[in-house]
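From a predicted model like this one, the values you see are computed outputs, not experimental measurements. Along the sequence shown, the residues carry numbers beginning at 1. Reckoned from all heavy atoms, side chains included, excluding hydrogens, waters and symmetry mates.
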Amino acid sequence: MPSTSSTSSPAEPASAVDQPVRVSRRQRSRDATGRGFAIGRGLLVRIVELVVSVVVVIIVAGILLVVLKANATNSIVSDVHGWARSLAGPFDGMFSFHNAHVAIAVNWGIAAVVYSLVGGLIARLIGGTRR
């Protein structure tokens, strides 16, 4: 009668856990390339987030300069206002108010929110849905 012992005999093959894993050079190369793409994709996401953040900060700074009535003859104020106006250009005149400062604050504020949302969406699409 055969033995019904639960221990394995030396004649039986070893389980998959006991055997070393063999990986071909081609597979190692594919794995390394995948890691390289993941690192590059992460870097690209950070660059997109940085650019969007800079754009939003410029627009918000422009809003503050207009609302706080900064000296328009100052070169820094003039430059920041010009950059903000060009970045928020498509949103200029979206809503009309009796007060021009309120109109700029609302329209440019909408521009900052849209840039932030679209930039976040682009970063999420590039980086995957892990976040």
Side-chain angles (χ1 to χ4, degrees):
M1 204 161 173
S3 166
T4 58
S5 164
S6 63
T7 61
S8 58
S9 66
E12 292 180 17
S15 68
V17 176
D18 296 338
Q19 294 179 354
V21 177
R22 294 181 185 225
V23 179
S24 69
R25 279 185 249 153
R26 187 176 292 155
Q27 181 65 35
R28 279 187 295 224
S29 174
R30 269 187 260 153
D31 290 345
T33 303
R35 281 192 302 268
F37 282 136
I39 291 170
R41 204 170 50 216
L43 179 64
L44 186 58
V45 167
R46 287 184 179 172
I47 291 171
V48 167
E49 290 172 343
L50 176 68
V51 169
V52 169
S53 298
V54 168
V55 167
V56 169
V57 165
I58 290 172
I59 293 173
V60 170
I63 292 170
L64 289 174
L65 292 174
V66 169
V67 170
L68 298 175
K69 298 177 184 171
N71 182 7
T73 60
N74 184 302
S75 63
I76 295 173
V77 172
S78 174
D79 287 344
V80 172
H81 186 267
W83 296 335
R85 178 178 293 282
S86 63
L87 289 171
F91 299 90
D92 228 0
M94 203 170 176
F95 293 103
S96 298
F97 294 95
H98 294 296
N99 187 343
H101 296 295
V102 173
I104 287 176
V106 169
N107 293 327
W108 291 10
I110 291 171
V113 169
V114 169
Y115 275 115
S116 180
L117 291 175
V118 171
L121 177 67
I122 291 170
R124 179 163 271 190
L125 289 174
I126 292 170
T129 57
R130 294 179 308 176
R131 296 182 152 213

Does atom CD1 (Ile76) have a neighbourhood of more than 12 heavy atoms from anything else shown, all under 6.0 Å?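 Counting neighbours around CD1 of Ile76, 12 or fewer heavy atoms of other residues, nucleotides or ligands fall under 6.0 Å, so no.
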Pairwise side-chain hydrogen bond (donor to acceptor under 3.5 Å, both in side chains) hits with a residue in residues 102-118, at least two apart: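 Passing the test, one end in residues 102-118: Asp92-Trp108.
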Joint cluster assignment, [X] & [Y], ILVMFWY side-chain distance < 4.5 Å:
X: Leu50; Y: Val114; value: yes
X: Val102; Y: Phe91; value: yes
X: Val52; Y: Val57; value: no
X: Phe95; Y: Leu87; value: yes
X: Leu44; Y: Ile122; value: yes

Where is the tightest heavy-atom contact between [X] and [Y], given as atom of each residue plus distance?
X: Ala123; Y: Glu49; result: CB-CG, 4.0 Å
X: Ala105; Y: Val67; result: CB-CG2, 4.0 Å
X: Val80; Y: Gly62; result: CG1-N, 4.1 Å
X: Met94; Y: Ile110; result: SD-CG2, 4.2 Å

Output the distance between atom CD1 (Ile63) and atom NE2 (His81), rounded to the nearest 0.5 Å.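 Reported to 0.5 Å precision, the distance equals 10.5 Å.
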Partner of Val54 by side-chain contact (heavy atoms from CB on, under 4.5 Å), out of Val51, Val56, Ile58: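 Single side-chain contact (heavy atoms from CB on, under 4.5 Å) partner of Val54 among Val51, Val56, Ile58: Ile58.
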Could you tell me whether the side chain of His101 and the main chain of Val66 form a donor-acceptor pair under 3.5 Å?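 Side chain of His101 to backbone of Val66, a donor-acceptor pair under 3.5 Å: yes, one is there.
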Could you walk me through whether Val77 and Asn71 pass the side chain to side chain contact (heavy atoms under 4.5 Å, CB included) check? CA-CA 7 Å; Val77 172; Asn71 182 7; 5.5 Å; no
